[in-house]
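Working notes for the structure below.
Each chain gets a letter, A, B and so on, in the order the sequences are listed, and its residues count up from 1. The basis for the numbers below is simple: all heavy atoms, side chains too, and nothing from hydrogens, waters or symmetry mates. Note that this is a predicted model, so its numbers are computed, not measured.
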Protein chains: 2
Amino acid sequence: MTTMPGAVSGDRALPLRERKKLRTRRALADTALRLFLDRGFHETTLDELVEEVEVSKRTFFRMFQSKEDVAMAAELELWDAYVAEVAARELHGPVLDFLKQALVAAVTGLGEEWDRSFLATRGLIARTPVLWDRSLLHSVTVQSRLVAELETKLGVDSRQDVRVRLLGELSLAAWRCAVKNWISGRGYDGPSPMEKLGRWKGPGGSKVLIHRVEEAFDAVPDSLTLAAP
Amino acid sequence: MTTMPGAVSGDRALPLRERKKLRTRRALADTALRLFLDRGFHETTLDELVEEVEVSKRTFFRMFQSKEDVAMAAELELWDAYVAEVAARELHGPVLDFLKQALVAAVTGLGEEWDRSFLATRGLIARTPVLWDRSLLHSVTVQSRLVAELETKLGVDSRQDVRVRLLGELSLAAWRCAVKNWISGRGYDGPSPMEKLGRWKGPGGSKVLIHRVEEAFDAVPDSLTLAAP
DNA sequence: TGTAATCTGCCACTGAGGGGCAGTTTAAGT
DNA sequence: ACTTAAACTGCCCCTCAGTGGCAGATTACA
């Protein structure tokens with residue numbers, strides 16, 4: 001959002017070659033999402049995509065690891081932000097709280113533009129099993145990155161201490177629950193009271209998402225005690 | 001091949017067509033594992049596999065959804081057994097305990113022959129990233145099957161109650177931790193005291209695996225309280 | 001300005017996975 | 001036992017994701 005026509009919100013200090021790279025990456029992600037939403041994921045071939053963006057297929061695969069990944073660029077952004085946030089913050093107090101706050105901060109930090117394309121992405125994922133699987137996989141994979149950070153911060157070895165790894169898993173489990181509830185589109189608490197205000201049609205923005213995240217994290221302790229008569 | 005040398009432990013009561021199906025399925029899984037361990041996953045093509053088993057590639061894809069799946073037949077067996085176990089048992093008391101016991105029962109029920117091929121499978125998975133991803137994905141996917149069972153048993157709606165879904169996730173998270181520790185091959189408690197007895201070389205059998213599972217489940221409550229100073 | 005490193009485009013190739021059709025085996029009816 | 005309907009298998013052909021190689025362009029650097 002500087003005044004340039006095709007300017008990306010990229011740090012102007014970058015080696016220029018990197019900026020170009022980022023620009024095409026951005027272009028690929030955007031048009032990919034547009035095409036996939038329009039014609040469907042399987043109905044769109046990579047050749048059509050790279051045709052539209054005017055890049056070679058070879059270049060595409062230098063930017064993204066797979067056809068699935070380019071559809072979920074927004075989600076990948078989030079994971080990078082999350083891990084970075086965990087790495088940057090200093091850790092004191094309950095680790096689960098720490099993980100919650102870091103995730104909330106990551107979502108907040110990505111801004112307004114992000115949550116629109118993330119919502120679109122989730123819509124696409126919801127009706128494309130292959131993407132659903134990939135998304136799931138990514139979320140599970142972040143766990144190991146998280147654990148690596150936590151290990152250095154806590155000074156424990158995760159191979160000795162199961163708890164650290166479990167916390168990583170828990171954090172992502174909470175995230176998945178949060179997103180599910182977000183998409184299902186209920187209002188703030190309980191089934192859709194807020195929708196009447198017309199402020200949130202559908203899932204709502206990242207404000208609501210953040211609320212869902214906190215909700216899910218806070219529900220973790222309770223779930224352990226859940227019992228049948 | 002009617003009076004079959006390689007008779008499977010198949011229920012003789014099955015519709016006969018099903019038995020044939022099971023036999024080729026079994027043959028595919030076994031030789032696939034053998035070939036993959038021998039030459040490597042990517043180095044073995046499907047054409048070579050179906051050549052060896054003497055089936056058409058078309059038939060292969062009627063048995064397994066992908067090349068990855070045939071390598072992890074043992075794991076898929078476990079997940080079916082787990083879900084079946086959860087469905088069969090009646091639920092009372094703490095749900096997390098219930099899930100633990102059902103998983104233990106599932107592993108136990110699969111028997112001696114299974115844990116050998118499962119161990120081999122895990123070895124293959126460990127050195128094949130693609131398979132690692134798939135395995136991870138399967139474990140996460142089981143969660144939704146689990147939750148579906150729990151919902152009917154508890155009579156709650158998982159869309160209202162986050163706790164049920166979290167329990168599903170927790171149970172699989174514990175499983176993944178358990179397997180990691182099992183593979184890492186330490187002895188019963190702490191770093192390898194039992195190995196000196198020569199009773200468990202490497203990870204050890206399903207006895208040890210079960211111990212690891214219980215260990216991981218029991219560590220869940222503790223992990224929540226984990227805190228940094 | 002020259003030069004070395006890096007990136008891109010193009011081309012050809014492998015291999016997974018699926019669709020269609022014809023032939024065969026099994027289950028069910030009489 | 002014989003026939004009919006349904007399900008299964010084999011075979012050939014196709015699409016398309018993803019890779020490696022090489023030549024040409026671009027950028028960083030001296």
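Judged by a 6.0 Å distance limit and a 45° cone about the ring axis, B:Lys67 is positioned over the six-membered ring of B:Phe41. Remark: B:Arg25 qualifies as a cation-pi partner of B:Phe64 under the 6.0 Å distance and 45° angle criteria applied to the six-membered ring.
The ring of A:Trp175 has its center no closer than 6.0 angstrom to the ring center of A:Trp182.
Without hydrogens or angle criteria, B:Lys100 side chain to B:Ala216 main chain gives no donor-acceptor distance under 3.5 Å. In this structure, B:Thr108 contributes its side chain and B:Val104 its backbone to a donor-acceptor pair below 3.5 Å. In this structure a side-chain-to-backbone donor-acceptor pair under 3.5 Å is present from B:Gln143 to B:Arg165.
For the pair A:Asp47 CG and D:dG18 C1', the interatomic distance rounds to 11 Å; values are reported in whole Å. Here the C1' atom of nucleotide C:dG15 and the CD atom of B:Glu48 are 11 Å apart, to the nearest Å. Spacing between atom CG of A:Leu46 and atom C1' of C:dG9 amounts to 16 Å, rounded to whole angstrom units. When rounded to the nearest whole Å, the span between CG of B:Leu49 and P of C:dG17 equals 12 Å. Between the P atom of D:dC8 and the CZ atom of B:Arg19 lies a distance of 16 Å, rounded to the nearest Å. We find that NZ of A:Lys20 is positioned 12 Å from C1' of C:dT6, with the value rounded to whole Å. One interatomic measurement links the two molecules: NZ of B:Lys21 to P of D:dG10, which rounds to 13 Å at whole-angstrom precision. Distance, B:Leu28 CG to C:dA16 P: 14 Å, rounded to whole Å.
Looking at A:Ser56 and A:Val50, their side chains never come closer than 4.5 Å, going by heavy atoms from C-beta outward. Within the 4.5 Å cutoff, the side chain of A:Leu172 has heavy atoms near those of the A:Trp79 side chain.
Relative to the axis of its first five pairs, the axis of the last five pairs of the helix from C:dT1-D:dA30 to C:dT30-D:dA1 sits at 30°, rounded to 10 degrees.
Checking A:Ser135 against A:Arg122 by side-chain atom types alone, a donor-acceptor pair falls below 3.5 Å. Under 3.5 Å, the side chains of A:Asn181 and A:Arg176 contain no donor-acceptor pair of N or O atoms.
In the displayed structure, B:Glu51 atom CD is contacted under 6.0 Å by at most 12 heavy atoms of other residues, nucleotides or ligands.
In the region residues 120-133 of chain B, proximity to DNA chain D at under 4.0 angstrom, judged on heavy atoms, holds for none of the residues. Residues from residues 52-64 of chain A lying near DNA chain D, meaning a heavy-atom separation below 4.0 Å, are A:Lys57, A:Arg58, A:Phe61 in numerical order.
If you find the closest nucleotide of DNA chain D to A:Lys67 and to B:Thr24, the one lying nearer the 5' end belongs to B:Thr24.
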